[in-house]
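Worksheet: one structure, shown below.
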Amino acid sequence: MNRLSVAVAALLSVVLVEPGQAQSSRPGVEKLYILNCGEGVAGDISRWSPGVNEGKSMDFVDNCYLIKHAQGWFLWDTGIPDAVAAMPNGLAPADPKAVRWRRPKTLAAQLGQLGIKPSDIKAMAVSHTHPDHIGNVEMFPTAMLYVQRAEYDWPGANNQSRFKPEHPVTKLEGDHDVFGDGSVTILSTPGHTPGHQSLLVKLAKTGAVVLSGDAAHFKNNWDNRRVPALNFDKEQTLASMQKISDTLTKENAQLWINHDKAQRDGLKMSPEFYD
Ligand SMILES: [Zn+2]
């Protein structure tokens, strides 16, 4: 081809590839696995709904979510520490109204079942820094951690930092499109903690799903917009619930509530997956 025909061919290839085609040729999120990251019993669920359901005990679950994206593996939340699997009576809470957690399966074993080594996880995010969500962050010491700056800078017990300073981190100030293709978006949803975040995932067959973090702890609380007394900021919590609700409408998305056992009982657990 001479120079002119090369130029024409290049121009044609640009014209012929419509934006929609270019996107669908990239797979984005291929699979989403729900991992069992803890099971427990809450002593009194009015802890999460002041004045309602007082003295009522309830089963809780704790999930981690593993996403296979064309650009690599991404882990959302890390659950109860794997070490709890070795405790026959589980982890007793300081407050008897809170959750006594058990670890029926370790995170490491569930990754192993999928043929994944911790070093295969290149990126991760946690919804917030409560112990039932960050229990295994350091199983992935080289994975890029996406966390809101407000959460990262929130002083922990004894004024300690919430993450190891050497852990690679990207500190966010708002929403973040993780892979740059709109398939996995971190949503800033503060209130439960200063830098709490949720995750919008777009799957080819399943459609869009929002992973709640602890924006709500179970469906009944979500439906009634109840704010736990232990939350960092009530108004922020309510605004974040509204933001999630708006996202569900806009994206025609499902809401998967992390700690809701009744909902999880109806979902497929790893090694089954959503695509
Ligand atoms: Zn939690």
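Worth saying up front: this structure is predicted, and the values here are computed from it rather than measured. Counting convention: from 1, in listed order, for ligands and their atoms alike.
The Zn ion (ligand 1) does not have His128 among its coordinating residues (no N/O/S atom, backbone or side chain, under 2.8 Å). Coordination check, His217 versus the Zn ion (ligand 1): failed, since every N/O/S atom of the residue sits at 2.8 Å or beyond.
The pair Glu272-Lys31 does not count as a salt bridge, with every side-chain nitrogen at least 4.0 angstrom from each carboxylate oxygen.
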query: Trp48 and Phe60: ring pair (Phe, Tyr, Trp, His ring centres under 6.0 Å), yes or no, with the steps?
result: CA-CA 12 Å; Trp48 294 273; Phe60 264 48; 4.8 Å; yes
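Scanning both residues, Ser127 and Gly213, for their nearest heavy atoms gives CB-CA, 3.6 Å.
Within Asp132, the N, O or S atom lying nearest to the Zn ion (ligand 1) carries the name OD2. The nearest N/O/S atom of Asp214 to the Zn ion (ligand 1) is OD2.
Counted within 6.0 Å of NZ on Lys268, heavy atoms from surrounding residues, nucleotides or ligands total more than 12; the atom is thus considered enclosed.
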